[in-house]
Amino acid sequence: WYKPFHDKGITVDIIPMDKDFSKYDLVIAPFMYMLKDGTIERIEEYVRNGGNFVSTYLSGLVDRNDMCFLGGFPAGKLKDVFGIWNEETDSLPEGMKNSVSYNGKNYDVVHVCDLIHSTGAEILGEYQSDFYAGMPALTENSYGKGKAYYAAFRNDDDFTTDFCSSLIEKIGIAPDTE
């Protein structure tokens, strides 16, 4: 998730989830499995106030004590922020692949797939084969003044590069000039 920004000359800050991220135009939090106290509320407020937030599969599953959140995934208000709910996380056996169609291109899916359902999010990409076919794999949800994106699958770099490049252009993030 860092490489597409580095390749375009855009500085990236690595911050902990309990730091204020309201000053950022874009926050990417891949594999946000464990959430510290207050993180859900900070994400909800950030997006509602105009931020762009990206997360991925295996996000919002447990609290700081590694205890599963009750009420489904992603946890609590994150279901509203992302406009999805996660039915299950599926692990693909070695050698098995699926694919996701996004922006007219197919991307290999490896290792992990979340089976998600949209509750209002726009579906940007769908799984292409097996029982996953036609299910959402990438979503964008308008929430307040901001956007929340959820990538429900793992890919080896080419998707991440293309998706981040589209976000950089859409949000208008400029390369560093120093």
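What you see is a predicted model; the values in this text were computed from it and never measured. Basis for what follows: all heavy atoms, side chains included, without hydrogens, waters or symmetry-related copies. Positions are given from 1 along the sequence.
- By the 30° and 60° cut-offs, the orientation of the rings of Tyr107 relative to Phe159 is perpendicular.
- In the displayed structure, Glu88 atom CD is contacted under 6.0 Å by more than 12 heavy atoms of other residues, nucleotides or ligands.
- Atom CD1 in Ile173 sits 7.5 Å away from atom CG in Leu167 (nearest 0.5 Å).
- Hydrophobic clustering keeps Ile123 apart from Val81 (ILVMFWY residues linked when any side-chain heavy atoms are closer than 4.5 Å, directly or through intermediates).
- A centroid separation of 6.0 Å or more is found between the aromatic rings of Phe153 and Tyr57.
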Applying side chain to side chain donor-acceptor pair (under 3.5 Å) to Tyr143 and Glu44, what does each step give before you reach the verdict? CA-CA 9 Å; Tyr143 186 82; Glu44 191 269 337; 2.6 Å; yes
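- Under 3.5 Å, the side chains of Asp114 and Thr89 contain a donor-acceptor pair of N or O atoms.
- Taking OH from Tyr149 and CD1 from Ile84, the interatomic distance works out to 14.5 Å, rounded to the nearest 0.5 Å.
- Relative orientation of the Tyr2 and His6 rings is tilted, given thresholds of 30° and 60° on the angle between their planes.
- A tilted orientation is assigned to the rings of Tyr132 and Tyr127, their planes being inclined by 30° to 60°.
- Here the CG atom belonging to Asn98 is positioned 8.0 Å from the CD atom belonging to Gln128, to the nearest 0.5 angstrom.
- The distance from atom CG of Leu78 to atom CZ of Phe73, rounded to the nearest 0.5 Å, is 11.5 Å.
- The closest donor-acceptor contact from the side chain of Asp20 to the backbone of Ser22 lies under 3.5 Å.
- Using a 4.0 Å cut-off between charged side-chain N and carboxylate O, Lys170 and Glu140 make a salt bridge.
- For the atom pair Phe21 CZ and Glu45 CD, the distance stands at 9.0 Å (nearest 0.5 Å).
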